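So you know, we letter chains A, B, ... as the sequences are listed, proteins then strands, and number each from 1. Treat the numbers as computed from the prediction; the structure is a model and nothing was measured.
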Number of protein chains: 2
Amino acid sequence: MTHTVATAKKLEEALRADGVRITRQRAAILKVLSEAEDHPDATELHRRARDIDESVSLATVYRTLTALEEQGIVHRHSFEGTPARFETADLPHHDHIIDLDTGEVVEFRSDKIERLQAAIAEELGYDVVRHRLELYCRRKDK
Amino acid sequence: MTHTVATAKKLEEALRADGVRITRQRAAILKVLSEAEDHPDATELHRRARDIDESVSLATVYRTLTALEEQGIVHRHSFEGTPARFETADLPHHDHIIDLDTGEVVEFRSDKIERLQAAIAEELGYDVVRHRLELYCRRKDK
DNA sequence: TTACGTGCAAAGGGTTTGCAAGAGT
DNA sequence: ACTCTTGCAAACCCTTTGCACGTAA
């Protein structure tokens, strides 16, 4: 599963389409987001964005991420015991393995699990609006 | 799936076995926990415990919950957008459906999903230490 | 030009912690 | 007695927000 299909350009277009202004700061944040191959938190995104534009503040990083999340352009993941981490929403739906030793995040996808979830909810009289499936793991052997 | 198999007595024993003192405050918190049929948060547990012993502070509720969690006697769930909610760990493993409209929590269990998770992790070179599976749902029809 | 966006610093909300007083064992 | 536990208030951490200034369109 490869990351970063979304280009900064595409993200900008998506925002513009919603009447959102592209400022220097937002451009920097979008670039950093589109280039991220990992799942950085707000502080890390702030650090990276500042390398492009010194003036970007952490508050703006948070405001931009919240806006992007509301547009469905970015996903926010609140894994256990860490600040929220973000990724662009360009990939098809997937869930996450979190390496307990390194914090590294690996993506996976299982239609079977997906279907089972829906069936279980159905049986209890519910529709699944969204779900959260996280596997907290350790490397085998080692 | 019925709740509250754990009696306050059993919880006390479990704590005592670990050299933990049973104070008035802890007794109250354990009683409240053992009688809970829902998934209350710390503030709600505090409210209920105070009905038994006025002197219980919120800090002690948190300290006791943390201790109980460390002994594996209580599970802490950090569902999206709400303070952590707690339940005694006397039931066999299960996952949760969260009703988005009411906040109500319904438990379910799926060995199939469990097995699929393990298989997926295995294939990627990981052992699952623990997982988190939450279905955020709405009632059908209605 | 004019609304929208920004940085800064302060506030928020849930949870944890330092400290001196209190209480199990 | 001796050590663990408590209440209180302050601190924490991540995140959001009020305000006066800046700036994209």
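For the pair B/R132 and B/S78, the minimum side-chain heavy-atom distance is below 4.5 Å. Side-chain contact between A/R85 and A/H96 is absent, with no heavy atoms from C-beta onward closer than 4.5 Å. You'll find the side chain of B/L133 reaches within 4.5 Å of the side chain of B/F108, heavy atoms only.
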**Message:** Strictly under 4.0 angstrom, non-hydrogen atoms only: write out the protein contact profile of nucleotides 20-25 of chain D, one letter per nucleotide from the 5' end, B, S or -.
**Reply:** ---SBS
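Residues A/R48 and A/E44 are paired through a salt bridge, judged by an N-O separation under 4.0 Å between the basic side chain and the carboxylate. The pair B/E122-A/K140 counts as a salt bridge, with a side-chain nitrogen and a carboxylate oxygen less than 4.0 angstrom apart.
Applying the ring-ring contact (aromatic ring centres under 6.0 Å, His included) rule to B/H75 yields no partners; only residues at least two apart in sequence or on another chain are considered.
Annotation: cation-pi geometry not satisfied between A/R138 and B/Y126 (NZ/CZ under 6.0 angstrom from ring centroid, within 45° of ring axis).
The main-chain N or O of A/V56 is found under 3.5 Å from a side-chain atom of A/H46 such that the two form a donor-acceptor pair. Checked by atom type and distance alone, the side chain of B/R76 never pairs as donor or acceptor with a backbone atom of B/A84 at under 3.5 Å. Side chain of A/D41 to backbone of A/T43: a donor-acceptor contact under 3.5 angstrom is found. With B/R16 contributing its side chain and B/I22 its backbone, the two residues share no donor-acceptor pair below 3.5 Å.
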Under 3.5 Å, which donor-acceptor pairs do the side chains of residues 113-121 of chain B form with other protein atoms, sequence neighbours left out?
from, atom 1, to, atom 2, distance (Å)
B/E114, OE2, B/H93, NE2, 2.9
B/Q117, OE1, B/H131, ND1, 2.8

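For the segment residues 40-65 of chain A, residues with any heavy atom less than 4.0 angstrom from an atom of DNA chain D are, sorted by number, A/A59, A/Y62, A/R63. DNA chain C lies under 4.0 Å from no heavy atom of any residue of residues 78-85 of chain A.
Taking atom CZ of residue B/R26 and atom P of nucleotide C/dG22, one finds them 18 Å apart after rounding to whole Å.
Inter-axis angle, ends of the helix from C/dT1-D/dA25 to C/dT25-D/dA1, five pairs per end, rounded to 10 degrees: 30°.
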